[in-house]
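Worksheet for the structure shown next.
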Amino acid sequence: MIILGLILLVLGLVLDVGVLWTIGVVLLVVGAVLFLLGLLNRPVLGRRHYF
């Protein structure tokens, strides 16, 4: 999810499409939060791992 967010963020900046940039930022933040919760061994919504 983090990689997809980065790809959409870069594409949004290069192609000057605001919607792609916004979706990229949201996916990047959500992916980072899930990654950090995974590092803390905290299950989120009943799942231990998101990969």
Side-chain angles (χ1 to χ4, degrees):
M1 191 175 288
I2 294 173
I3 294 171
L4 180 62
L6 283 173
I7 291 170
L8 288 177
L9 184 69
V10 169
L11 283 176
L13 288 173
V14 170
L15 299 175
D16 198 28
V17 179
V19 175
L20 286 179
W21 189 84
T22 304
I23 293 172
V25 169
V26 169
L27 284 178
L28 190 65
V29 169
V30 170
V33 168
L34 289 176
F35 179 74
L36 289 175
L37 287 174
L39 286 178
L40 296 173
N41 292 324
R42 303 269 321 202
V44 178
L45 298 175
R47 294 186 63 168
R48 280 195 180 270
H49 303 287
Y50 282 89
F51 54 85

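Remember, it's a predicted structure, so these values are computed and weren't measured experimentally. Residue indices begin at 1 and follow the sequence shown.
- Considering only residues two or more places apart in sequence or on other chains, Leu36 meets the side chain to side chain contact (heavy atoms under 4.5 Å, CB included) condition with Leu39.
- For Ile7, the side chain to side chain contact (heavy atoms under 4.5 Å, CB included) test picks out Ile3, Leu11, with sequence neighbours left out.
- In this structure Ile23 satisfies the side chain to side chain contact (heavy atoms under 4.5 Å, CB included) test together with Leu8, Val19, Leu27, sequence neighbours excluded.
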